[in-house]
Amino acid sequence: MVPLVAALLTTDVGAVKRRVERKTVVYALVAVLLLTAYAAAVTGGAILLAADYGAVAAAFLVAIAALVLAMLLIAVNMMIDRRDRRLMLQRQAQAQPILASAMASLLPSVMKSPLLSIVVFVGAAAFFMANSSSGKDGDSGDGQA
């Protein structure tokens, strides 16, 4: 604990603040420049397509390409979310026996204090009620209706 407090006391808060402010400004400028480059690339592509297909068809082609890319990104994000949720559930299932054994080893010391027993009982009841209600009503928890 003492080394942690000493490290916090020796940290120059002003230097950290200046560094964060500088990085914020730099990344904001980078974002603006990247958006400008993107807009120029899309405009150039539309002009190039307009030479072969006409202005209206080129605008529709660019719009369709952007929609397809957006849908692909959404689909990939949904697959990653599903995988992350499945891995989280597996980790929770693997951790439950460890948690149960840790709770069982603490039970004798908890039972010695009546107030602590009540707090643990209420906490455990709330935990089990929250876990049991998460799977009701066909809710898979993926945010889809």
Side-chain angles (χ1 to χ4, degrees), residues 1-107 109-110 113 115-116 118-145:
M1 182 78 169
V2 173
L4 179 63
V5 172
L8 286 174
L9 291 176
T10 60
T11 302
D12 184 8
V13 177
V16 171
K17 181 181 175 226
R18 285 189 301 274
R19 188 175 23 218
V20 168
E21 287 173 348
R22 184 183 68 244
K23 285 187 177 193
T24 302
V25 169
V26 168
Y27 285 129
L29 289 173
V30 167
V32 168
L33 292 172
L34 286 173
L35 287 173
T36 302
Y38 172 75
V42 170
T43 303
I47 291 171
L48 186 65
L49 288 172
D52 291 335
Y53 300 106
V56 175
F60 278 120
L61 286 172
V62 169
I64 289 170
L67 284 173
V68 168
L69 285 173
M71 286 191 243
L72 283 172
L73 286 173
I74 290 171
V76 167
N77 190 40
M78 289 172 64
M79 290 187 319
I80 291 171
D81 284 347
R82 238 182 255 130
R83 186 200 68 204
D84 289 346
R85 196 174 313 112
R86 186 176 60 245
L87 290 174
M88 181 186 65
L89 290 174
Q90 288 174 350
R91 281 191 298 267
Q92 286 177 347
Q94 291 170 352
Q96 281 183 344
I98 296 169
L99 181 62
S101 65
M103 295 297 282
S105 67
L106 290 174
L107 193 59
S109 62
V110 169
S113 169
L115 181 60
L116 193 55
I118 293 171
V119 170
V120 168
F121 175 75
V122 170
F127 175 77
F128 287 119
M129 286 174 39
N131 281 345
S132 68
S133 67
S134 66
K136 286 185 181 177
D137 298 330
D139 181 21
S140 62
D142 60 2
Q144 296 177 350

Can you measure from [atom1] ([X]) to [atom2] ([Y]) and round to the nearest 0.5 angstrom?
| X | Y | atom1 | atom2 | result |
| --- | --- | --- | --- | --- |
| D81 | M88 | CG | CE | 10.5 Å |
| Q92 | Q94 | CD | CD | 11.0 Å |
| L34 | L29 | CG | CG | 11.0 Å |
| L48 | T43 | CG | OG1 | 12.5 Å |

Quick check: closest heavy atoms across A50 and A58, and the distance to 0.1 Å?
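Scanning both residues completely, I find the closest heavy atoms to be N-CB, 3.5 Å.
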
Stepwise side-chain contact (heavy atoms from CB on, under 4.5 Å) test for R83 and L87
CA-CA 6 Å; R83 186 200 68 204; L87 290 174; 4.1 Å; yes

Chi angles and distances behind the side-chain contact (heavy atoms from CB on, under 4.5 Å) call for R82, M78:
CA-CA 6 Å; R82 238 182 255 130; M78 289 172 64; 3.9 Å; yes

